[in-house]
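See structure below.
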Amino acid sequence: MKKKIVLLLGVLLLIVPLTACNLTSNQGRSITAVGSSALQPLVEAVAEEYTHGHKGNFINVQGGGTGTGLSQIQEGAVDIGNSDLYAEQKKGIAANKLRDHKVAVVGITPVINKSLKVDNLSTKQLIAIFTGQVTNWNQVGGPNQPIVVINRAQGSGTRVTFERWGLKGRGALQAQEQDSTGMVRQIVASTPGAISYMAFAYVDDSIKTIAVDQVKPTNKNVEQGKWQIWAYEHMYTRGTPTGLTKDFISYMLSDDVQKRVVGKLGYIPISNMQVHRTLQDELKVPTK
Amino acid sequence: MHDQIKESLLKKSRATRSERRGKLISLFCTAIIILVVVSIFYFVASKGLATFFSNKVNVWDFLSKTVWNPGSTDSHGNPQAGAFPMIIGSFAVTLLSAIIATPFAIATAIFMTEISPTKGYKILQPVTELLVGIPSVVYGFIGLSVVVPFVRHTFGGTGFGILAGTFVLFVMILPTVTSMSVDALRAVPRYYREASLALGATRWQTIYKVVLRSATPGLATAVIFGMSRAFGEALAVQMVIGNAALLPHNLVSPASTLTSVLTMGMGNTVMGSVSNNALWSLALLLLLMSLIFNLIINRIAKKGEL
């Protein structure tokens, strides 16, 4: 009996590395893309389509957050690092070693609990709410109801973008934090007086978006530069991409995918943008 | 003939050889486990201590300051890594849930071992086992959709906070504490009860004065085991506590625990940066706390030997 178990263990130990090799080397090419959860649905959908049409290729897509994506690609542990931010915006990343591929634009909108009778906030009011100067909705023309601010985690791409463009460079106050957009949506939907922010793609009927300075959060307004709170979605590679990484990224950027898939999933194709931003725009903090 | 016997006596028998082989295998496995534990400790400690040595955060500031924003610096140029709100949050939910869970767990255990050892045990045993097996994300989900609205309507606030965390953890540690209490009560020798009854004590007197008294160390171990589980629970608590790195004003204001801040921040920091190191320091703190819980359990077990 003991012998058998030992034998079994030995065989298992031998087989595991063998099969692992088989998966990666013998059956075509395989890459891994890790990072931003905001970009993940798009990469997953495109990867599935690509591997369907190109047999023998495997694209493994994982979330984990912008920080994970950038640090993993920096270490060379993965082939593509997905990010909501420019690599330069993240501390501890040597951006000059990475190559940026902008694959889409994502708009971010403030969202509130559905029962609140508020449709518009000025940028000033938005800043006052998220920095804690205003704590009741009746101070900004709403009902007498305490404001419940819900933040994304510190360092989240969505939060950095919202603070830079929505709050004009100010940091949001210490308040409740959630690490995923799904949780934020559920909590805003069920908590009276709640306000938070999320990518357009995640907005549904359970919550309500608001206009900022009378501009409605629509793809069109983002494209025309009227809606300020948006960010590029980046796919970073180490140096010039080769092999499957290169093929996949050019597939992602192809007109067909950009027109057909990107828009359908709630993102905005780069080619539709009439305004452009540079890294300097992101880093520059407006005078207060 | 003569030589054959001599030879067989001098040669190692099959049994000896298989025993040696068995010893080797178990030694090998033990060595691997020890290696894993030591390297985990080394890894977490080296990362966690980097906050204090390379990023120059004062240990006392880390334990007592209340501003948690390790990515940015204060007026002196030191990273703002004050973990006090999280430490308070962790201890508050742990202690409160243990205080609520203990009477329920011990009462259930007494029912299962003393009052209804056959029928009650048969029904309650699978129930507690089932409760242990429910994944923490399910508890968190129930907490989010039932407990949080309940707390909001009954006690005010947003519903997210230490109170909601306590309720969820109470249910989570209850089965652990219960089943360990049952073991502790069952370990009380039968002749203790018999002697007590023979002296004319009632069943309640026997339970109260003899069984519970002699099982006290075991029960304490059960409670501390539950506390150590509550202290380390991340997901379910994270879903209901609100995750605000603020000192809680009351039981219904959003707070955070060491674990919830850790899981929230992991994906958004870069290896080697201050924010990441600060998270490792929290992990080190958690590791040290579980070590302390283990030491306490050992201590009690030794002291309480009958």
Side-chain angles (χ1 to χ4, degrees), chain A residues 1-3 5-6 9 34-37 62-75 77 81 83-85 87 90-94 113 146-160 171-180 183 186-187 189-194, chain B residues 18-19 21-22 24-25 28-29 66-72 79-80 82 85 140-141 144-146 148-149 152-153 156-161 234-235 238-247 253-256 260-279:
Chain A
M1 189 61 198
K2 202 190 264 173
K3 246 187 196 163
I5 292 174
V6 173
L9 276 176
V34 168
S36 156
S37 47
Q62 294 167 19
T66 293
T68 308
L70 287 175
S71 57
Q72 296 277 47
I73 187 67
Q74 166 155 288
E75 284 162 22
S83 171
D84 301 335
L85 305 172
K90 201 86 194 166
K91 276 183 198 159
I93 295 290
N113 183 267
I147 298 176
V148 179
V149 172
I150 292 157
N151 270 324
R152 292 291 305 282
Q154 282 174 15
S156 128
T158 309
R159 177 162 170 180
V160 171
L173 78 166
Q174 287 276 11
Q176 292 198 42
E177 287 181 10
Q178 293 301 333
D179 69 344
S180 75
M183 279 292 284
Q186 183 168 2
I187 289 170
S190 63
T191 310
Chain B
S18 77
E19 182 176 319
R21 224 179 10 243
L24 220 77
I25 291 173
F28 179 69
C29 293
T66 55
V67 182
W68 179 259
N69 196 0
S72 58
Q80 295 179 306
F141 198 36
L144 188 62
S145 27
V146 179
V148 169
R152 181 166 58 230
H153 289 136
T158 58
F160 292 93
L235 197 60
Q238 189 204 322
M239 289 170 85
V240 299
I241 201 162
N243 308 312
L246 297 166
L247 270 186
S253 76
S256 57
S260 74
V261 171
L262 243 174
T263 48
M264 296 262 306
M266 262 182 327
N268 296 310
T269 57
V270 176
M271 269 287 200
S273 64
V274 190
S275 325
N276 194 266
N277 286 344
L279 291 180

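Computed from a predicted structure; not experimentally measured. The sequence lines fix the lettering, A, B, ..., with proteins before strands; numbering per chain opens at 1.
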Quick one: does A/Thr191's side chain get under 4.5 Å of B/Phe160's, heavy atoms only?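 The answer is yes, as the side chains (C-beta and beyond) meet within the 4.5 Å cut-off.
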Just so I know, are the side chains of A/Ile187 and B/Leu144 near enough to count as touching, which here means a heavy-atom distance under 4.5 Å?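 Yes, their side chains come closer than 4.5 Å.
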Rounded to the nearest 0.5 Å, how far apart are CG of B/Asn243 and CE of A/Met183?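 These two atoms lie 7.5 Å from each other.
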Check [X] against [Y] and note the closest heavy-atom contact, atom names and distance.
X	Y	answer
B/Val270	A/Ser71	CG1-CB, 3.5 Å
A/Thr68	B/Met266	OG1-O, 4.2 Å
B/Trp68	A/Gln154	O-NE2, 3.2 Å

Pairs involving residues 149-160 of chain A, ordered by first then second residue, that meet salt bridge (Lys or Arg N to Asp or Glu O under 4.0 Å) (sequence neighbours left out):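 Every salt bridge (Lys or Arg N to Asp or Glu O under 4.0 Å) pair that includes a residue of residues 149-160 of chain A, provided the two are not neighbours, is A/Arg159-A/Glu163, A/Arg159-A/Glu177.
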Is the backbone of B/Ser145 close enough, under 3.5 Å, to the side chain of A/Gln186 for a donor and an acceptor to pair up by distance?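 Between the backbone of B/Ser145 and the side chain of A/Gln186 there is no qualifying donor-acceptor contact (under 3.5 Å).
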How would you list, by chain and number, every residue that makes a side chain to side chain donor-acceptor pair (under 3.5 Å) with B/Gln80, sequence neighbours excluded?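 Once residues adjacent in sequence are excluded, the partners of B/Gln80 under the side chain to side chain donor-acceptor pair (under 3.5 Å) criterion are B/Ser72.
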Contact origin within A/Thr66 toward chain B - heavy atom pairs under 4.5 Å: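 For A/Thr66, the backbone is the part near chain B, not the side chain.
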Can you say whether A/Gln178 sits under 4.5 Å from chain B via the side chain, the backbone, both, or neither, judging by heavy atoms?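 Both backbone and side chain.
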Option in A/Gly63, A/Ala153, A/Gly35 with maximal non-hydrogen atom pairs under 4.5 Å from chain B: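 Most heavy-atom pairs under 4.5 Å with chain B: A/Ala153.
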Option in A/Gly157, A/Ser190, A/Ser37, A/Pro146 with maximal non-hydrogen atom pairs under 4.5 Å from chain B: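 Highest number of heavy-atom pairs under 4.5 Å: A/Ser190.
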Counting heavy-atom pairs under 4.5 Å with chain A, which one of B/Ser273, B/Ala245, B/Ser275, B/Ala255 comes out on top?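 Of the candidates given, the most pairs with chain A belong to B/Ala245.
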Region of B/Asn276 that comes under 4.5 Å of a non-hydrogen atom in chain A: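 When you check distances to chain A, no heavy atom of B/Asn276 falls under 4.5 Å.
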